[in-house]
Amino acid sequence: MPEKIIITILLLICLGQVWAIFHGRLTAAIYYCSVAPLGYFSVWKFGTWSPDLLCGLLLIVAGLLVFRRTPGIPRFGRHRLVFFLVFLILNTLVGSVLWPIGSMAGKSAVYGQLRGVGQILNWLIIIGAAWQIGIAFSQTGGFEKARKVIIGVGVLHSVYALYQVIAFYLSLPMTGIRRPYSGIVADVMNEHFAAFQMGGATIYRASSLIGEPKGLGVISLVWIAALLTLLMEGKTRHRSRTTWALFLSLVVMFLTYSTSAWIGFVGMMAIALWTLRNRFASRLARLLLLLALLIGGLAIVNFSGVLPKTPGGIISIVQERTTGREYLRDMPEIEAIQVLAEHPWMILSGTGLGGMSFYIARNLGGSDIILFPNTGLLAYISDMGLIGITLLIFSLRGGLRPTLTPSTQSDEITRSLSFIGTVCLMQTFIFSAGILMFGLAFLLAAEFRRCSLRSVRAAALWPRKEYQ
């Protein structure tokens, strides 16, 4: 697609965010969750700008200037998340003094001397947007409305992903993967398709309009988790529609052939089973348990190597994408592990946001592109170390509690918010791909709603006396 059309669509998306802002915080939050994953419409203008960053900035400005403060929601400056954010900023500023910036041969200062500043800005936008969404979804009726739209958007992406698969093999018009590298490196990669070779055949990987197949696979966990919450809450209305949407999302997630998404789905089932551990008699719990046993059994048989490999068959494809691959053997992962082995103190504090790229470039004798580990946990350690990871989890413990320690103190909506947020946060330790904002937003919403319900119960038990 021509660059002018991409920029025009990106501007229209931003105008849509402005329109949504003036229709209230909930509308703005729902709109943002719908357009933020559209990584296909990223452009390079002195930095990589995408719908999640631009619309996120607009949402934050609206939170400061347009939206009214919501009673019962703590001020951001008093939340535990501030300690985490302060650590990220100070750690990056101090770490950037030691970065071997000269090892980067790129043409853009944004990916050189200003990389730390850019990464801090990205985190500020992620946290700021998540804060506004958390407020909106925690209000009465907010999450229910948002869930319908999120699931609907997921279905649309899934339908287009299926079309991509058909279009690839029939040579029909379709979109591919765009990398806005103009102005960063000399060789700019044009729009291309993701596929892998197996047995002489080309197997296409669906990506929809998210960006890359692994991005679609990871983001689809948000839609799948939202669908599961409907079943967890026992929503019987439109059950067949929910089942078909869940089936469609699962098929598309598989067609991304993303190992990260597959692992994330197994983790999601584990979290769901933990959440439902006191209700194993329920139909959903039995279904999840059966599915978990089926996947676990297939995994054992798969890793045993006794299954025949039929070229192009499902078993053969799964083996190719799992046992046929060597994890942590990509160049950025190897070099990041080497850097951490040479500087053990970085395991505690990290290198600062984005700093690992410079150390990797130095080990390689120079690089003109950003190389950074994709593995979630390794990326977190590279950026913020174990200290930062601990602060992140500590700052979100209020939203994690309804899932990790279910009790009667939380209503079903709070538990649903916490479940989706926990799934998203878990996935970031496997591979993030833009899901971190969703994790923060849903966990904050669960915390805010839990606090509000607790305040209502306290007011009911201890009503304020009126003195005349």
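Remember, it's a predicted structure, so these values are computed and weren't measured experimentally. Worth knowing before you read on, the calculation uses all heavy atoms, side chains too, and leaves out hydrogens, waters and symmetry mates.
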* Any Lys/Arg nitrogen of Glu447 or Arg80 sitting under 4.0 Å from an Asp/Glu carboxylate oxygen of the other? -> yes
* Asked: Phe41: what forms a ring pair (Phe, Tyr, Trp, His ring centres under 6.0 Å) with it, not counting sequence neighbours?
  -> none
For residues 337-347, tabulate all N or O donor-acceptor pairs below 3.5 Å that involve a side-chain atom, not counting sequence neighbours.
from, atom 1, to, atom 2, distance (Å)
Gln338, NE2, Glu342, OE2, 2.9
His343, ND1, Val339, O, 3.1

* Asked: What pairs with Val82 under side chain to side chain contact (heavy atoms under 4.5 Å, CB included), at least two apart in sequence or on another chain?
  -> Phe76, Val86
* Set of residues satisfying side chain to side chain contact (heavy atoms under 4.5 Å, CB included) with respect to Ser96, sequence neighbours excluded -> Trp99
Identify every side-chain donor-acceptor pair in residues 165-172 under 3.5 Å, counting partners at least two apart or on other chains, and give the distances.
from, atom 1, to, atom 2, distance (Å)
Tyr169, OH, Thr202, O, 3.4
Tyr169, OH, Tyr204, N, 3.0

* To do: Would you please name every residue forming a side chain to side chain contact (heavy atoms under 4.5 Å, CB included) with Val94, sequence neighbours left out?
  => none
* For ring pair (Phe, Tyr, Trp, His ring centres under 6.0 Å), just list the numbers for Trp262 and Phe254, CA-CA rounded to whole Å, side-chain angles, deciding distance to a tenth of an Å, and then say yes or no. => CA-CA 7 Å; Trp262 293 353; Phe254 177 80; 5.2 Å; yes
Kindly list each side-chain donor-acceptor pair under 3.5 angstrom involving residues 206-219, sequence neighbours excluded, with atom names and distances?
from, atom 1, to, atom 2, distance (Å)
Ser208, OG, His157, O, 3.1
Ser208, OG, His157, ND1, 2.9
Glu212, OE2, Arg179, NH1, 2.9

* **ring pair (Phe, Tyr, Trp, His ring centres under 6.0 Å) partners for Trp123, two or more places apart** => Phe84
* Pairs flagged by salt bridge (charged side-chain N to carboxylate O under 4.0 Å, His left out) wherever residues 114-131 is involved - sequence neighbours left out -> none
* Which residues share a ring pair (Phe, Tyr, Trp, His ring centres under 6.0 Å) with Phe429, sequence neighbours left out -> Tyr380
N/O donor-acceptor pairs under 3.5 Å from side chains in residues 6-15, not counting sequence neighbours:
from, atom 1, to, atom 2, distance (Å)
Thr8, OG1, Lys4, O, 2.8

* Structure fact -> Sequence neighbours excluded, the answer for ring pair (Phe, Tyr, Trp, His ring centres under 6.0 Å) partners of Phe83 is none
